[in-house]
Amino acid sequence: MVSISSSPLSLMSFNVSFNFNTSSSLLYPFSQKQHQPSKNKKPKHHKIACTSNDTNQNSPKEQEQKPSPSNIVGHRRNVLIGLGGLYGATTLTNNNSLAFADPVPIPDLTKCVIPPTGLPNNITPFSCCPPISSNLKIIDFEFPTFKKLRVRRAAHLNDSISIDNFAKYDKALKLMKALPDDDPRSFVQQAKVHCAYCVGGYTQKGYPNTELQVHFSWLFLPFHRWYLYFYERILGSLINDPTFTIPFWNWDAPDGMTAPSIFTDPNSSLFDPKRNPKHVPPKNTFSNYRDTIVDLNYNKDFDVPGTINPRPEVRINENLNWMYKQMICHAKTYRQFLGSRYRGGEEPLQNNCAGSIESLHNHHHVWVGDPNQNNREDMGHFYSSGRDPLFYAHHANVDRMWSVWQTLRGKRKDCTENDWLESSFLFYDENKNLVKVKVKDCVDESKLGYCYQKLDIPWINHKPKPSKRGQSKDNKLLAQRPLRKFVDKFPIVLDSAVSIIVKRPKKSRSLKQKEVEEEILVIDGIEFDDNIGVMFDVLVNDDDDKVIGVENSEFLGSFLSLPHGHNHGNNKKKEKKKTCFTRGLTDLLEDLKADDDDSIVVTLIPRYGDGVKISGIEIDFEE
């Protein structure tokens, strides 16, 4: 049975406990009244414009890389619970970690760990560590000086300006790839930046046994913005062009939903042979247009021989609906969009959540990665994704989405918490200087001297709609939905489709209340082996004979984690990783006319990845 307990520290939070019972005979979908969401008995009556000559040098001010003082350790749950309810204090922090609030420090380069022989057998051990000298110096970042903003342009365009810039990119990348491998500006080393920061190559300065990770938290966007900034500046310096910019792959618009042709020429430096040949075929090779349209909610287990993808117009519409969900429905607060809090001294992937933009970006990695490789290299695994030039175009559009999000409806504001703003990273610049940067200095990309080409935002008016009765003609896979069982006790192992009745602590809220607080579904304690990919879908009130696709309101979202466990050196962990999944419910409940309901039915459908364990599901509210 469902029981609700309240905490005096957070009136906006509640816990749901269950006794494990199943109804194995229930079909999926279902229509039995006893499992319908509880009803209230009352009747239910952008764009960014910009146009640089850029001549900065980073600060000559140098500093030795010295250990930062360790912070006092203590229990901070009670401190944080007042900042955002149980959702803010537990789910979006790291497993009730015991570190006091503190910005994430720079990595300790002197203790960068090299993968031992204990890596998975299908990955050859190698080092992600950057070259360092015996006299390691770090300089502080200084903002560039410029006359005009450099404009990053869409990669699919064929106008004269774009063509000229693409030629510059090809030339610059050839020069970057020709640099010695131990040059920190080389393409080999640029690719290793992602490997070191994203698969446990670094520990946090001052916390020698604590891994540094930039995924599944609010560091995801700022880290990658800095990463692209220095990558771009190095390329520009190699061709002596301070106005150079990398292009963005605008997969959020119909014209950009196929891989840009500049990346598919085998004779270009922008080409990578380790891509899915069905999705990103080399130039002048036969391909089915249906297969080349990106699937923004890609499920690799649906993409098997004999599968026929939806008609192009159907896939494009699904993608636009999906963009609306991730950028509007599930991004009304900065923590929903950026990801959960992650502080110095905290272990990563211990109950912190990816933001909606990171979740969106993950599917792209898997879609591009080569299924003929052991781990879908290059893009399909974090250790190798930086080896594909398409990675940087993909992340440029992710970065652009941050800029777009800041303009939506005038209410979305970036985080102002000091622990986010003061978190820091290290990068080599175009002069081989090791530069310390902070999150606060990248929040406004115009201060870094660049902006994005002004384009229409087609998904802004593609709000999802409730599903209809009947069968789907365009995607038969949606009709092949698995049997499910109801559960009322956690934890569970997600080895089959399950449904859970979740009580709502508040209902029948006014428009003003909805503007103040967003109702959020929290799936807590998602535990899995991070050496494998994991995906499951989340549906809400998926009752009766409806066929629900990603374009429907009932399809809340998908949890997807790429393989990223490197298990090396001091970071080798025996325990599985834990994370969480959060999505906004306010728009969905309005669409389904369920504002007055006492509860909702949440259905989880595993897609791939064995042994996924879930600790609980609840509803919370965030200002």
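The first residue of the sequence shown is numbered 1, and numbering continues consecutively from there.
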Test log, rule salt bridge (Lys or Arg N to Asp or Glu O under 4.0 Å), inputs Arg152 and Asp399: CA-CA 11 Å; Arg152 290 182 180 171; Asp399 185 67; 3.7 Å; yes
Determine whether Gln406 and Val443 satisfy the following criterion, side-chain contact (heavy atoms from CB on, under 4.5 Å), listing intermediate values before the conclusion. CA-CA 10 Å; Gln406 292 170 327; Val443 175; 4.1 Å; yes
Verdict with supporting geometry, Asp272 and Lys274, salt bridge (Lys or Arg N to Asp or Glu O under 4.0 Å): CA-CA 5 Å; Asp272 181 8; Lys274 293 183 180 179; over 6 Å; no
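For Ser160, there are no side-chain contact (heavy atoms from CB on, under 4.5 Å) partners at least two apart in sequence or on another chain. A search for side-chain hydrogen bond (donor to acceptor under 3.5 Å, both in side chains) contacts involving Asn317 returns Asn321, not counting sequence neighbours. Partners of Cys442 by disulfide (SG to SG under 2.5 Å), not counting sequence neighbours: none found. Listed by chain and number, the residues in a side-chain contact (heavy atoms from CB on, under 4.5 Å) with Lys613 are Pro491, Glu527 (sequence neighbours excluded). For Ala331, the side-chain contact (heavy atoms from CB on, under 4.5 Å) criterion is met by Phe337, Ser356, Trp405, not counting sequence neighbours.
Residues Asp378 and Arg275 are not paired through a salt bridge, judged by the lack of any N-O separation under 4.0 Å between the basic side chain and the carboxylate.
The aromatic ring centres of Tyr231 and Phe427 sit 6.0 Å or more apart. For His395 and Trp249, the ring centers are positioned 6.0 Å apart or more. Aromatic ring centroids of His194 and His381 lie 6.0 Å or more apart. Here Tyr428 and Phe230 keep their ring centres 6.0 angstrom or further from each other. The distance between the ring centers of His279 and Tyr298 falls below 6.0 angstrom. Aromatic pair Phe555/Trp322: ring centres closer than 6.0 Å.
Test Tyr197, Phe220, Tyr392 against Tyr227 for ring pair (Phe, Tyr, Trp, His ring centres under 6.0 Å) and you get one pass: Tyr392. Residue Arg607 is tested with Asp537, Asp303, Asp301 for a salt bridge (Lys or Arg N to Asp or Glu O under 4.0 Å); the sole match is Asp537.
Residues Leu270 and Asp265 are not in side-chain contact: their nearest non-hydrogen atoms beyond the backbone lie 4.5 Å or more apart.
Contacts classified as side-chain hydrogen bond (donor to acceptor under 3.5 Å, both in side chains) and involving residues 250-259 (residues at least two apart or in different chains) are given here: His156-Asn250, Trp251-His394, Asp252-Asn397, Asp252-Arg400, Asp252-Trp459.
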